[in-house]
*Asks:* 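Quick one: the structure is below, and I'll ask about it shortly.
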Amino acid sequence: MRTTDGGRTWLPVYSRRTPDGNWTTNGIDVTTNYGVHFDPFDPRHMFISYTDIGLWASDNGGESWYSATRNGVPHAWDNTTYWVEFDPAVRGRMWAVMSGVHDLPRDKMWQRRGVDTYNGGVVRSDDGGAAPGVYRTTACRRPPPLISCAIPRACYT
């Protein structure tokens, strides 16, 4: 961020708006990504799963990006996306593991609070994450064959 008026207003210097209304980097990003995920039906449709800024999507092969958590994902979960998986047999079907807690694989995240205070789960979209309200969560009582979680009482499909 940059200010030219003593901190009264701030402007982003790490990214800029593109003509299509999305965003692109200026090359000084400071965050961690867990993966770059390509839609098996459209290689120009891709996602990056990040810590601290959630899930970002591109429909133009990475030329510009938009937040894929802006529609239908609980706000409490939009901090981190750990992984995305596409159904190779069903066009548009995808899952993403999301949480309000970042860096869960790191020991430091387990030391200060119990797992009962963590939020998050698995969201599913049947149209590639494009339309509002397409994400949904469903709790289950046993691990499903597709996904099982490491945290007790946090199983979703």
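Count residues from 1 along the sequence.
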*Asks:* Counting N and O atoms only, with roles assigned by atom type, does the side chain of Ser125 sit under 3.5 Å from a partner on the main chain of Arg93, one being a donor and the other an acceptor?
*Replies:* no
*Asks:* Take the angle between the ring planes of His37 and Trp83 and call it parallel below 30°, perpendicular above 60°, tilted in between.
*Replies:* perpendicular
*Asks:* Between OG1 of Thr69 and CG of Asn79, what distance do you get to the nearest 0.5 Å?
*Replies:*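 Rounded to the nearest 0.5 Å, the OG1-CG separation comes to 9.5 Å.
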*Asks:* Under the side chain to side chain donor-acceptor pair (under 3.5 Å) rule, collect the residues that match up with Ser64, sequence neighbours excluded.
*Replies:* Asp20, Asn60
*Asks:* Taking Asp39 for its side chain and Pro43 for its backbone only, find out whether a donor-acceptor pair lies under 3.5 Å.
*Replies:*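 A pair under 3.5 Å: no.
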*Asks:* Could you check if a side-chain atom of Thr18 sits within less than 4.5 angstrom of a side-chain atom of Glu63, using non-hydrogen atoms only?
*Replies:* no
*Asks:* Any heavy-atom pair between the side chains of Met94 and Phe47 that's under 4.5 Å?
*Replies:* yes
*Asks:* Quick one: closest heavy-atom pair of Phe86 and Trp95, and the distance?
*Replies:*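 Distance-wise, the nearest heavy atoms are C-CZ3, 4.3 Å.
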*Asks:* Using the six-membered ring wherever Trp is involved, compare the ring planes of Tyr82 and Tyr34 and label them parallel, tilted or perpendicular (cut-offs 30° and 60°).
*Replies:* tilted
*Asks:* For the residue pair Gly61 and Ser58, what are the closest heavy atoms and their distance?
*Replies:*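 Looks like N-OG, 3.6 Å.
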*Asks:* Would Thr32 and Thr51 satisfy side chain to side chain donor-acceptor pair (under 3.5 Å), going step by step from the backbone distance to the final call?
*Replies:* CA-CA 6 Å; Thr32 302; Thr51 190; 5.9 Å; no
*Asks:* Nearest heavy-atom pair of Asp87 and Phe41: which atoms, and what distance?
*Replies:*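 Answer, listing the atom of Asp87 first, then Phe41: O-CE1, 3.7 Å.
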*Asks:* Can you tell if the side chain of Trp65 reaches within under 4.5 Å of the side chain of Met46, non-hydrogen atoms only?
*Replies:* yes
*Asks:* Can you name the closest pair of heavy atoms from Trp77 and Val122 and give their distance?
*Replies:*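 Closest approach of Trp77 to Val122, heavy atoms only: CZ3-N, 4.2 Å.
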*Asks:* Starting from the C-alpha separation in whole Å, work towards a yes-or-no answer on side chain to side chain donor-acceptor pair (under 3.5 Å) for Asp5 and Thr9.
*Replies:* CA-CA 7 Å; Asp5 58 12; Thr9 60; 2.6 Å; yes
*Asks:* Main chain of Leu55, side chain of Thr81: is a donor-acceptor contact present, judged purely on distance under 3.5 Å?
*Replies:* yes
